[in-house]
K.L.:
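Below is a structure I'd like to ask you about.
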2 protein chains.
Amino acid sequence: MTEPTARPTRAQQRRQTEDRILTAARQLFAERGYDRTTIRAVASSAGVDAGLVMHYFGSKDLLFARVTETAPAPDVFQAATGGGAGAEAGELYGGTPDEATEALLTSLGRRLTDEPESSLAVLRSMLTNADAADRYRTAAQPQLDQLTEAIPAPDADLRASLLSAIIHGVIAERYLLRLTNLADASPEQIITLLRPCFESLTTAPADDAADGQG
Amino acid sequence: MTEPTARPTRAQQRRQTEDRILTAARQLFAERGYDRTTIRAVASSAGVDAGLVMHYFGSKDLLFARVTETAPAPDVFQAATGGGAGAEAGELYGGTPDEATEALLTSLGRRLTDEPESSLAVLRSMLTNADAADRYRTAAQPQLDQLTEAIPAPDADLRASLLSAIIHGVIAERYLLRLTNLADASPEQIITLLRPCFESLTTAPADDAADGQG
DNA sequence: GTCTATAATATGATAGAC
DNA sequence: GTCTATCATATTATAGAC
């Protein structure tokens with residue numbers, strides 16, 4: 001029992017090093033994508049040896065999985081439900097089209113302010129890495145379900161997919177391609193310009209809503 | 001002069017083999033992206049040796065450049081101007097917002113029907129390859145300029161960028177990610193759903209148009 | 001708990017044979 | 001004009017030393 005709380009235990013030490021590695025990996029995967037990020041570069045950036053990274057995470061695939069599994073699935077209605085402790089993340093919310101629009105815009109506003117690096121790692125890699133693509137599909141599905149639920153139209157699923165694709169394009173060009181107009185614009189500017197666009201997709205024409213599945 | 005036109009000249013033979021290699025490369029770059037496409041795989045797919053590919057194109061970078069330089073820059077107003085021999089590709093066209101919307105939708109419709117593989121090669125690779133990213137920026141610029149010209153608003157450049165980002169997202173999810181809803185939808189369905197969205201971005205509110213740059 | 005040494009493989013590129 | 005052989009390098013991954 002020498003120095004009961006002074007020095008970190010081996011487990012704490014390991015956890016700390018693991019975190020440094022994960023942080024370095026997250027950043028590099030987000031900046032360069034899966035293929036162009038090497039174990040060596042991650043280790044060097046974390047100030048450790050490449051062998052240690054392998055020892056802790058087993059393989060590059062598993063390291064990438066650990067980095068991207070922490071990516072928060074964007075909950076469309078997180079904001080609309082007040083963001084309190086009440087609503088579960090996966091819970092479906094029978095919102096109106098207007099609520100869906102505003103919730104989606106709020107969610108987009110957060111992402112335009114500060115998109116998590118783990119999400120950028122997925123977005124950067126998903127066109128050339130099957131695991132990343134799966135991760136994206138899985139993460140996007142609840143959002144798609146929520147939107148589809150809220151859109152009163154026979155083609156609600158396609159409308160939801162278009163909304164998702166639009167957000168994908170905007171985030172990709174702002175953060176990954178860094179096209180100047182989109183990278184420099186304020187979240188508010190973008191939100192304001194996209195609101196009518198989103199409204200048109202969440203709100204179906206009157207006859208469409210009454211229509212059949214054809 | 002034995003058999004003046006019967007057998008192909010060496011130049012013709014070479015050109016033919018080059019074309020086979022380019023076709024194979026185009027397809028593989030579009031399917032797997034730059035990094036995951038190997039010279040060996042291209043050669044094998046073209047039915048030749050890897051050394052020959054290097055001999056003809058010099059390097060992998062140059063091969064990719066040859067594949068992607070043939071990607072047609074989408075001209076927004078190609079359709080609106082009648083598609084005849086009159087308008088140059090780079091010529092600016094002082095269209096109205098409504099004309100811009102319809103031209104952009106027509107252009108998108110073509111791409112939703114049959115996006116060229118050389119464009120897909122660029123789109124697939126541009127998040128992880130600087131050359132591909134430059135190619136995309138260069139190809140998108142004329143379209144952005146045309147759109148900005150046609151949108152009567154102080155934030156016309158941001159509106160144009162958003163339109164471009166939206167198209168990018170839709171094309172990427174349809175062809176590269178192959179998300180089912182977007183991959184299965186008909187061009188007409190997508191066009192119809194996006195028309196109001198595009199209209200809202202090309203058409204500024206009345207006071208905005210009269211406003212200053214603030 | 002961390003690092004060194006090395007295996008096993010794959011790649012872009014080059015030189016030269018036929 | 002096309003292919004064989006090879007170089008030089010870089011990577012993930014493993015085994016074992018300290």
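All chains are named by letter (A, B, ...) in the order of the sequence lines, taking the proteins before the strands, and each is independently numbered beginning at 1. Hydrogens, waters and symmetry mates play no part in the numbers below; they use all other heavy atoms, side chains included.
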K.L.:
Give a yes or no on whether a salt bridge exists between Glu102(A) and Arg195(A), defined as a side-chain N under 4.0 angstrom from a carboxylate O.
P.N.:
yes

K.L.:
Whole angstrom is fine here: how far is it from CD1 in Ile21(A) over to P in dC3(C)?
P.N.:
9 Å

K.L.:
Between His55(B) and Arg40(B), who's closer to the 5' end of DNA chain D by nearest nucleotide?
P.N.:
His55(B)

K.L.:
Specify the separation, in whole Å, of atom CZ of Phe57(A) and atom C1' of dG1(C).
P.N.:
14 Å

K.L.:
Ignoring backbone atoms, establish whether Thr17(A) has a side-chain N or O less than 4.0 Å from OP1 or OP2 of dT2(C).
P.N.:
yes

K.L.:
Of all the choices, dC3(C), dT4(D), dA13(C), which nucleotide is nearest to the side chain of Lys60(B) once you look at every atom?
P.N.:
dA13(C)

K.L.:
Starting at atom CG of Leu52(A), determine the distance to atom P of dA5(C), rounded to an integer number of angstrom.
P.N.:
16 Å

K.L.:
So what does Tyr56(B) touch, heavy atoms closer than 4.0 Å: a base, only the sugar-phosphate, or nothing?
P.N.:
sugar-phosphate

K.L.:
Round to a whole Å and report the spacing from CG of Asp61(B) to P of dT11(C).
P.N.:
16 Å

K.L.:
What I want to check is whether the side chains of Gln141(A) and Tyr136(A) have a donor and an acceptor closer together than 3.5 Å.
P.N.:
no

K.L.:
Quickly work out the Asp35(A) CG to dA10(D) C1' distance and round it to whole Å.
P.N.:
14 Å

K.L.:
Between dC3(C), dT11(C), dA13(D), spot the one nearest the side chain of Thr38(B), thanks.
P.N.:
dT11(C)

K.L.:
Specify the separation, in whole Å, of atom CE of Met54(B) and atom P of dC7(D).
P.N.:
17 Å

K.L.:
Over all strands shown, is Ile39(B) touching base, sugar-phosphate only, or nothing at heavy-atom distances under 4.0 angstrom?
P.N.:
sugar-phosphate

K.L.:
Can you confirm whether the side chains of Asp131(B) and Tyr34(B) place a donor and an acceptor under 3.5 Å from each other?
P.N.:
no

K.L.:
Picking from dT4(D), dG1(C), dA13(D), which would you name as closest to the side chain of Asp49(B)?
P.N.:
dT4(D)

K.L.:
With heavy atoms under 4.0 Å as the rule, sort Ala11(A) into base, sugar-phosphate or nothing.
P.N.:
sugar-phosphate

K.L.:
With the side chain of Val48(A) defined as its heavy atoms from C-beta on, choose the nearest nucleotide among dG1(C), dC3(C), dG1(D).
P.N.:
dC3(C)

K.L.:
NA contact type, Thr37(A), heavy-atom cut-off 4.0 Å: base, sugar-phosphate, or nothing?
P.N.:
sugar-phosphate

K.L.:
In whole angstrom, what separates Leu63(A)'s CG from dT11(D)'s C1'?
P.N.:
15 Å

K.L.:
Report the distance from atom CZ of Arg14(B) to atom P of dC3(D), rounded to the nearest whole Å.
P.N.:
13 Å

K.L.:
State whether Glu18(A) and Arg66(A) are salt-bridged, where the test is any N-O pair (Lys NZ or Arg NE/NH1/NH2 against Asp/Glu carboxylate O) under 4.0 Å.
P.N.:
yes

K.L.:
So, is Gln13(A) close to the dT2(C) phosphate, meaning a side-chain N or O under 4.0 Å from OP1 or OP2?
P.N.:
yes

K.L.:
Does the side chain of Ser118(B) pick up a donor-acceptor pair with the side chain of Thr68(B) at under 3.5 Å?
P.N.:
no

